[in-house]
Amino acid sequence: MIEILKSNLKTEIETKLQNHYSEKINLVVETPKNSELGDISIPVFSIVKVVRRPLLEVVEIVREMIESSKYKDNFSEIKKISGFINIKLNRIKVSQAVINEFSSNQNYGNSNIGIGKTVVIDYSSPNIAKPFSVGHLRSTVIGHAIGNILEKLSYKVVRINHLGDFGTQFGKIIYAYLNFGDKEKVKKNPIDELVKLYVKFHKIAKDKPEIEEKAREIFKELEQKNPKYVELWEYFREVSLKEYMKVYKLLNVEFDHYDGEAFYNDKMASVVKELREKSLLKKDQGAMIVDLGEEYPPALIQKRDGSTLYITRDLAALFYRKRTYDFDEVLYVVGNEQKLHFDQLKAVVRKMGYDYYQDIHHINFGLVLQNGKKMSTREGKVVKLIDVLNEASKLSLKYINEKNPSLENKEEIAKKVGVSAIIFNDLKNYRANDIEFNLKDMVNFVGQTGPYLQYTSVRISSILKENQIDKDSIDYNYYTNDYSYELIKTIDEYRDILLKAKSEYSPSVLAKYLLTLASYFNSFYSQEKVMVEDLIERNSKLYLISIVRYILDDGMKLLGMKVIKKM
RNA sequence: GCGCUCAUAGCUCAAUUGGAUAGAGCGUUUGACUACGGAUCAAAAGGUUUCGGGUUCGACUCCUGAUGAGCGCGCCA
């Protein structure tokens, strides 16, 4: 509501200024950083610059324009402070508008900006026959949350898990499996065993480099669909996927497609052909490249031996997705270190003459660090996500036993709290930054954490549980005190926050907002008794906190967290 | 060597994208339960925004140089 008022006011005053000074001025209308100053703030420096009149004179003119605004009924105070004009709004009017909007919308916070638009999101994408590491966690939860936010804004979302299920390493694993693998062991514990075989392969290859050649041959035959190898490949893929599904189930993550790299195997020849027809291919040191001039290093399309590379596969996938889903945007949730790759990809697409290179977005993210270094076990191995999730659940169970030992379904709730804590920790900071992974801080339940949000929602639930709310007997006067009004204004921001999270492709915008909302609620709660005698007052407060809970729960769900009623 | 990120309180991070007194959480110190959930709240201490120069009425934000950290740069993905 306030955002709309701001933009209406902006338009109105800009027109008035244009009439007055016959100059076009871009007026800044913002929210003061300190809410004691007011609800809307207009710095007039930019006007002064254009019209070259004394500051105080301009301030006075603008103040008069605001005073005579057609929206003036909404204002309760207009104040000049140095170069700023600060407006306080009529709190009753604001509350009324915000509450009404909430009441009349079944899906508060939504928007129709995405109607008719399709966004393809490529995320998670673990590598077959390798453990699902904490490294994949980031891509998974960021992609999932962005997808949810987009759906809330009415976009059609196509979720693709671009599995790493192809490449020379499969030749190695198949070779190792056939020559020194134990079928029973692999069956029992597929990924761990396959990793061991892969490691063993490299150990042996040190003394017997000729097996590298064997592995390459096997891979080549796999590409040519040698049924024996295809069967093994399918087997590895299946057992790996089965393991990943356990993680996805815990995280509540789903995909529309699991088309991995192999899926595009037969779609690459046409890419090479098209590049050749458009005279973009150039032979260089035996390989085929697309020259990207000064801007970027050349893109390597084809190896000396004729086989294709990463970028070729990504081109094939891109064209397939464009044909199949006719996307308006395609998002690749992939780490920072691949920035150059996506820059090259875009550049090649542009050179091929497709405008939609502009719709390709690399949703980059930083590393997961522990004590400032890339996270790994003591032996230097990758940390398995499932272990981390279990550990977090165990720790939250410990806390529940301390804080609320009589709680029912403790294990189940501990799991929801622990997993959500990890998800929230991943999403609360801007994605391109590295994140520090400290289990204790995440599940410590104190401060800016997932459990803090869940706890706040649970507190509200326990009040609401026993009470009916009558939406028709609300007195907006109860929303005018500072604590309530902060809540009203924050509730009002929800949609804009989601839109901002979308435009930045950063769930952290939402995560940070939820922390603010929860914090305002807890302040409110410590100052304002809800269960008062007066029925109208009680009802008004109950309704307010029920809205807070709605947003907390809705927001947590969008982030991929679990909503609980008790903890 | 070239390119891309980043540097804010002891620690983890914000800062309306160039606006007012740079804000939160953790940690530290202190206070608040015969209260609707204290996993909470309130308060204090903590800053030359890495360093220099520039642009601007105004710079954490833009330009430039330095220092430090990370990442990438033709036959992996």
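Only this structure's heavy atoms are used, side chains among them; waters, hydrogens and symmetry mates stay out. A, B, ... follow the sequence lines: proteins, then strands. Residue 1 opens every chain.
Going from the P atom of B/rU61 to that of B/rA45 covers 27 Å, rounded to whole Å. Spacing of C1' atoms, B/rA35 relative to B/rU28, comes out at 29 Å, to the nearest Å. On the C1' atoms, B/rU49 is 15 Å away from B/rU21, given to the nearest whole Å. Separating the C1' atom of B/rA14 from that of B/rC76 is a span of 38 Å, rounded to the nearest Å. Taking atom C1' in both B/rU29 and B/rG68, the straight-line distance is 34 Å, to the nearest Å. A distance of about 13 Å separates the C1' atoms of B/rG46 and B/rG23, rounded to the whole Å. Between B/rA7 and B/rU16, the distance separating the two C1' atoms is 23 Å to the nearest Å. When the C1' atom is compared between B/rU17 and B/rC62, the two are found 11 Å apart, to the nearest whole Å.
Across all strands, A/Asn86 comes closer than 4.0 Å to base atoms (heavy-atom distances). Within 4.0 Å (heavy atoms only), A/Thr449 reaches no atom of the nucleic acid at all. Residue A/Lys339 is classed as a sugar-phosphate contact, given heavy-atom separations below 4.0 Å to backbone atoms only. Base contact: A/Val458 has a heavy atom under 4.0 Å from a base atom. Across all strands shown, A/Lys33 has heavy atoms under 4.0 Å from base atoms, whether or not it also approaches the sugar-phosphate. Residue-level contact check: A/Leu515 touches neither bases nor backbone, having no heavy atom under 4.0 Å from any strand. A/Glu295 comes within contact range of no nucleotide atom at all, as no heavy-atom separation falls under 4.0 Å.
Counting only residues at least two apart or on different chains, the side chain to side chain donor-acceptor pair (under 3.5 Å) pairs with a member in residues 41-51 of chain A are A/Ser41-A/Asn86. Listed by first and then second residue, the salt bridge (charged side-chain N to carboxylate O under 4.0 Å, His left out) pairs involving residues 498-522 of chain A are A/Glu329-A/Lys502 (not counting sequence neighbours).
Base pairing of B/rG68: its partner is B/rC6, meeting the Watson-Crick or G-U wobble criterion (both donor-acceptor distances under 3.5 Å). With both pairing distances under 3.5 Å, B/rC62 is matched to B/rG54 as a Watson-Crick or G-U wobble pair. With both pairing distances under 3.5 Å, B/rA44 is matched to B/rU28 as a Watson-Crick or G-U wobble pair. Of the nucleotides present, none pairs with B/rU34 by Watson-Crick or G-U wobble criteria with both distances under 3.5 Å. Nucleotide B/rA22: unpaired (no Watson-Crick or G-U wobble partner with both distances less than 3.5 Å).
A tilted orientation is assigned to the rings of A/His361 and A/Tyr505, their planes being inclined by 30° to 60°. Ring geometry for A/His136 against A/Phe132 counts as tilted: the plane angle lies between 30° and 60°, on a 0 to 90° scale.
A heavy-atom distance below 4.5 Å is not found between the side chains of A/Phe319 and A/Tyr264. By the 4.5 Å heavy-atom criterion applied to side chains, A/Tyr483 and A/Tyr525 are not counted as neighbours. Side-chain contact check for A/Ile311 versus A/Leu300: every heavy-atom pair is 4.5 Å or farther apart. Between A/Tyr520 and A/Val548, every side-chain heavy-atom pair lies at or beyond the 4.5 Å cut-off. Contact check for A/Val50 versus A/Leu17: no side-chain heavy atoms found under the 4.5 Å cut-off.
Salt-bridge check for A/Glu217 with A/Lys214: failed, with every basic side-chain N at 4.0 Å or more from each acidic carboxylate O. Salt bridge status for A/Lys415 with A/Glu411: absent, with no side-chain N to carboxylate O gap under 4.0 Å. Using a cut-off of 4.0 Å between Lys/Arg side-chain N and Asp/Glu carboxylate O, A/Lys220 and A/Glu223 are scored as not salt-bridged. Salt-bridge check for A/Lys489 with A/Glu493: failed, with every basic side-chain N at 4.0 Å or more from each acidic carboxylate O.
Ring-base stacking between A/Phe84 and B/rG19 is not satisfied when judged by a centre separation under 5.5 Å and a plane angle under 30°.
Following rounding to the nearest Å, A/Lys80 (NZ) and B/rG19 (C1') show an atom-to-atom distance of 20 Å. Rounded to an integer number of Å, the gap from CG of A/Asn433 to P of B/rU8 is 11 Å. Counting to the nearest Å, the C1' atom of B/rG18 and the CG atom of A/Asn26 are 13 Å from each other. If you measure from atom CZ of A/Arg549 to atom P of B/rC36, you get 19 Å, rounded to the nearest angstrom. Between the OH atom of A/Tyr513 and the P atom of B/rG23 there is a distance of 22 Å, rounded to whole Å. Computed from coordinates, the A/Arg52 CZ to B/rC57 C1' distance equals 14 Å when rounded to whole Å. Summarising the geometry, the separation between NZ on A/Lys10 and P on B/rU16 is reported as 17 Å, rounded to the nearest angstrom. Rounded to whole Å, atom C1' of B/rU16 lies 11 Å from atom CD of A/Glu504.
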Which letter, B, S or -, goes with each nucleotide of nucleotides 67-77 of chain B from 5' to 3', with contact meaning a protein heavy atom under 4.0 Å? ----SSSBBSB
Polar atom pairs between nucleotides 40-42 of chain B and protein, under 3.5 Å, N or O only, would you list them?
{"residue": "B/rU40", "atom": "O2'", "partner": "A/Arg459", "partner atom": "NH1", "Å": "3.0"}
{"residue": "B/rC41", "atom": "OP1", "partner": "A/Tyr452", "partner atom": "OH", "Å": "2.7"}
{"residue": "B/rC41", "atom": "O2'", "partner": "A/Ser526", "partner atom": "OG", "Å": "2.9"}
{"residue": "B/rA42", "atom": "OP1", "partner": "A/Ser523", "partner atom": "OG", "Å": "2.9"}

Using a cut-off of under 3.5 Å, enumerate the N/O to N/O pairs linking the protein to nucleotides 43-48 of chain B.
none

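Side-chain proximity of A/Leu37 to the nucleotides B/rU56, B/rU12, B/rA20 is greatest for B/rA20. You'll find that the side chain of A/Ile463 is closest to B/rC36, out of B/rG19, B/rC36, B/rC13.
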Quick one: side chains of residues 445-452 of chain A, donor-acceptor pairs under 3.5 Å with protein atoms, not counting sequence neighbours, listed by atom name and distance.
{"residue": "A/Thr449", "atom": "OG1", "partner": "A/Tyr452", "partner atom": "N", "Å": "3.3"}
{"residue": "A/Tyr452", "atom": "OH", "partner": "A/Asn522", "partner atom": "ND2", "Å": "3.0"}

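Side-chain atoms of A/Ser41 and base atoms of B/rA20 include a donor and an acceptor less than 3.5 Å apart.
The backbone N or O of A/Lys562 sits less than 3.5 Å from a side-chain atom of A/Ser420, completing a donor-acceptor pair.
For A/Ile545 and A/Val417, each mapped to the nucleotide of RNA chain B holding its nearest heavy atom, the one lying further toward the 5' end belongs to A/Ile545.
Taking only side-chain nitrogens and oxygens, A/Asn425 never comes nearer than 4.0 Å to OP1 or OP2 of B/rU12.
Base orientation for B/rU17: syn, the chi torsion being within 90° of 0.
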